[in-house]
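See below for the structure under consideration.
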Amino acid sequence: YMEPRPRRRSSKQHPPPHTPTTDLKTQSIMSIRAAAGEQLDWSFGLRNGAMKYLTAETFGFRIATAASIMKKKQIWFLEQEEGEDHVYIKSHLNRYIIVDGDGNMKGDAEGKTDEAQLLIEAQDDGRWCIKSKKYGWYLGNDPSIERSSFESDKQEKHMWTVHLAMHPQICLRNINRSAYVHLADGQLCTDELIPWGDDATITMHFFSEDGTYGLVSSEGSFLSASGALMDAPNETCKFIVVFNGGKVSFKSKSSHKFLTALGAKGTCKATKSAITKDELFHMEDSFPQVKLTANNGKKVSIKAGIEVSATQVETTDLEIFQLEPCGKVGDDVWTVKGCRSKFWSVVDNAVQCTAEKPATDAEKFKIEWHGAQVALKSLANGKYLEQKLNGYIHAIGTEASEDKKSLFTYEIVNRPKLVLRGEYGFVGTLPSGLLECNKSVPEVYSMHVTQGKCKISHANGKYWKVGDNGVSCSGGAAEEYTMSLHEESMMCLMFKDKYFEGFQNGAFTLSGSKPGKSTFFEF
């Protein structure tokens with residue numbers, strides 16, 4: 001299955017508290033994402049006490065709880081009209097869940113009728129009870145049973161575990177401090193105003209056995225309730241995600257305290273008994289950040305001032321830039337943002353990092369991928385960015401070539417841990433070491449990008465290796481792949497002029513000939 005990273009937008013808290021409501025203006029979260037710094041909307045699976053997921057069947061729009069893993073048919077989308085306390089839950093078939101007057105739970109409603117209005121009651125253990133607003137009856141955990149949703153007394157059979165379906169790599173912003181969680185000096189701290197570099201990428205790890213989550217740092221360690229980072233997770237690393245008006249809090253399963261930000265650095269520890277703004281967080285998308293090396297061997301930087309130039313040898317935040325898609329899907333248009341939240345802009349052919357927002361074509365670029373190098377073309381004048389003799393970058397090139405100094409070697413810096421999701425699921429490793437691409441649970445690989453070449457390895461230290469039967473984690477030495485980035489957080493990986501490709505049966509092979517549905521992987 002493949003659901004794009006959900007659209008992100010600002011949020012507004014609605015009653016009742018501790019519910020996963022959002023303030024979408026009747027807008028589906030199946031839509032693609034918006035600009036950086038905005039909150040992720042919710043797509044999720046609902047699992048009953050028998051560990052079975054609520055499923056929307058294609059035939060007859062029937063719903064059931066028969067699947068033990070979460071794939072496309074098990075993903076649901078939350079919608080809410082502004083100012084209302086009720087929500088609508090929609091399937092991948094664009095049909096809504098309803099409870100009819102006989103107490104039957106159905107998934108075939110084409111529109112938002114009063115029978116589709118649902119109230120969500122979040123429990124102390126993080127599970128949900130979902131109630132029909134019209135009738136006051138709770139949704140039972142087996143829709144195939146006649147009149148399964150005909151009771152107004154809350155019982156165990158009305159409890160649902162929530163399994164988030166978004167890509168697990170996020171940025172986490174604290175509401176009170178307006179700062180991001182990042183790895184610093186062996187701790188997760190909340191004092192980074194702009195999420196820059198790999199240290200600000202957090203991975204949400206789902207513990208399937210009890211529906212809790214772990215917060216994993218960029219180096220792969222798990223946050224515990226005490227604030228210590230653990231190499232391997234234990235019970236103190238498990239958190240219940242509490243939804244609060246579009247925001248989230250994290251309640252320690254072991255101590256029953258909420259995660260908060262303490263002290264000047266905002267050190268993350270679970271010490272609070274109640275939720276205040278210091279215990280509220282936004283989940284935000286994590287865009288790719290790159291460093292670029294020009295023809296002269298120097299790194300592109302904004303250290304010298306507002307003008308972008310290739311003058312630096314060392315890498316600091318001033319040499320890291322964030323690539324953000326803009327415009328309509330299919331335009332393949334990008335903006336480039338610096339660490340001071342200013343965008344690149346073409347001014348009299350010179351590239352300056354001065355724009356407050358990408359308002360005109362001067363701030364928009366096409367990116368061409370040439371193996372280990374990229375070329376950027378300005379939408380304002382149709383010229384390629386080119387390194388001049390003094391190192392400054394100008395939009396004056398007529399072609400993408402080494403001779404014209406218009407090719408730049410790239411390195412992605414904020415994906416040392418890589419999770420890939422394709423059309424049919426996550427890429428994962430079988431016990432034999434063979435990779436498959438139809439897994440319901442994400443697997444984290446290590447990725448190191450140097451001079452435009454990426455090396456990917458398994459937790460066991462073995463590298464990806466292309467073979468006759470597919471790709472396996474069996475290499476003692478790394479193969480060097482190249483990549484291209486696309487809209488909706490998609491990536492293509494290439495090796496020897498072929499693309500890595502996924503198939504419905506799980507096969508993951510080096511057989512693709514071009515970018516497309518089967519060769520796109522969300523990263």
Side-chain angles (χ1 to χ4, degrees), residues 14-24 26 28-29 42-57 59-67 70 73-163 165 211 240-246:
H14 293 293
H18 309 307
T19 65
T21 56
T22 59
D23 64 339
L24 290 173
T26 68
S28 169
I29 56 180
W42 309 118
S43 58
F44 51 85
L46 292 171
R47 193 179 70 188
N48 67 15
M51 308 292 279
K52 301 296 184 182
Y53 286 89
L54 186 64
T55 301
E57 300 291 354
F59 181 74
F61 303 107
R62 291 181 299 188
I63 53 177
T65 46
M70 183 177 69
K73 292 181 179 181
Q74 289 76 41
I75 293 179
W76 300 86
F77 303 89
L78 199 71
E79 294 182 1
Q80 183 183 28
E81 295 174 344
E82 188 171 8
E84 298 291 347
D85 61 350
H86 60 263
V87 300
Y88 302 94
I89 298 178
K90 186 164 69 173
S91 72
H92 71 285
L93 301 170
N94 291 322
R95 298 296 179 106
Y96 293 91
I97 291 177
I98 66 166
V99 175
D100 67 18
D102 294 324
N104 293 311
M105 178 181 173
K106 298 180 178 179
D108 58 356
E110 295 185 47
K112 298 175 181 177
T113 65
D114 57 356
E115 291 187 330
Q117 295 175 359
L118 303 171
L119 300 173
I120 295 175
E121 299 177 359
Q123 308 304 299
D124 289 341
D125 61 2
R127 291 185 295 175
W128 292 358
C129 289
I130 306 173
K131 181 194 290 186
S132 166
K133 182 177 182 179
K134 181 175 182 178
Y135 301 112
W137 301 327
Y138 288 100
L139 272 60
N141 61 16
D142 188 353
S144 64
I145 299 175
E146 189 174 359
R147 306 184 76 183
S148 65
S149 304
F150 193 60
E151 294 172 293
S152 56
D153 295 327
K154 190 188 308 178
Q155 302 173 46
E156 179 65 26
K157 65 182 179 180
H158 301 129
M159 304 289 180
W160 298 92
T161 295
V162 183
H163 185 175
I240 297 164
V241 178
V242 179
F243 297 85
N244 194 326

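- One distance of note links CG of Leu118 with OH of Tyr88; it measures 9.0 Å at 0.5 Å rounding.
- In this structure, the side-chain hydrogen bond (donor to acceptor under 3.5 Å, both in side chains) partners of Glu156, at least two apart in sequence or on a different chain, are Arg127.
- Here CD1 of Ile63 is found 11.5 Å from CG of Leu93. Values are rounded to the nearest 0.5 Å.
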Could you walk me through whether Lys106 and Asp100 pass the side chain to side chain contact (heavy atoms under 4.5 Å, CB included) check?
CA-CA 8 Å; Lys106 298 180 178 179; Asp100 67 18; 3.3 Å; yes
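- The structure places CG of Asp108 at 11.5 Å from CZ of Arg62, a figure rounded to the nearest 0.5 Å.
- Tyr138 and Gln155 share no donor-acceptor pair across their side chains, judged by distance under 3.5 Å alone.
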Check step by step if side chain to side chain contact (heavy atoms under 4.5 Å, CB included) holds for Leu139 and Leu54.
CA-CA 11 Å; Leu139 272 60; Leu54 186 64; over 6 Å; no
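- For the atom pair CG of Asn104 and CD1 of Ile145, the computed distance is 11.0 Å after rounding to the nearest 0.5 Å.
- Not a single donor-acceptor pair under 3.5 Å links the side chain of Glu57 to the backbone N or O of Thr55.
- At a threshold of 4.5 Å between non-hydrogen side-chain atoms, the residues Leu78 and Ile120 count as touching.
- Ring-plane geometry between His163 and Tyr53 is classed as tilted, the angle between the planes lying from 30 to 60 degrees on a 0 to 90 degree scale.
- Taking every heavy atom of both residues into account, Gln123 and Cys129 meet most closely at NE2-SG, 3.8 Å.
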Stepwise, does the side chain to side chain contact (heavy atoms under 4.5 Å, CB included) test hold for Glu110 with Arg95?
CA-CA 5 Å; Glu110 295 185 47; Arg95 298 296 179 106; 3.3 Å; yes
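- Checked by atom type and distance alone, the side chain of Asn48 pairs as donor or acceptor with a backbone atom of Asn141 at under 3.5 Å.
- The two residues Pro143 and Met105 come nearest to each other via the heavy atoms CG-SD, 3.9 Å.
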Let me see the working for Lys133 and Asp85 under salt bridge (Lys or Arg N to Asp or Glu O under 4.0 Å), right down to the final yes or no.
CA-CA 10 Å; Lys133 182 177 182 179; Asp85 61 350; 3.2 Å; yes
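- Remark: the Glu115 side chain and the Tyr96 side chain contain no N/O donor-acceptor pair separated by less than 3.5 Å.
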Verify side chain to side chain contact (heavy atoms under 4.5 Å, CB included) between Lys112 and Gln117, making sure each step is shown before the conclusion.
CA-CA 7 Å; Lys112 298 175 181 177; Gln117 295 175 359; over 6 Å; no
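- In this structure, Trp128 has its ring center under 6.0 Å from that of Phe44.
- For the atom pair CD1 (Ile75) and OG (Ser91), the distance works out to 11.5 Å, reported to the nearest 0.5 Å.
- Shortest non-hydrogen contact noted between Lys131 and Gly136 is CG-C, 3.6 Å.
- Between the side chain of Ser148 and the backbone N or O of Gly140, no donor-acceptor pair lies under 3.5 Å.
- From His158, atom NE2 reaches atom CG of Asp153 across 8.5 Å, with rounding to the nearest 0.5 Å.
- Between Ile97 and Ile130, every side-chain heavy-atom pair lies at or beyond the 4.5 Å cut-off.
- Between Trp137 and Tyr135, the ring planes lie parallel to each other; the angle is under 30°, not in the 30° to 60° tilted range.
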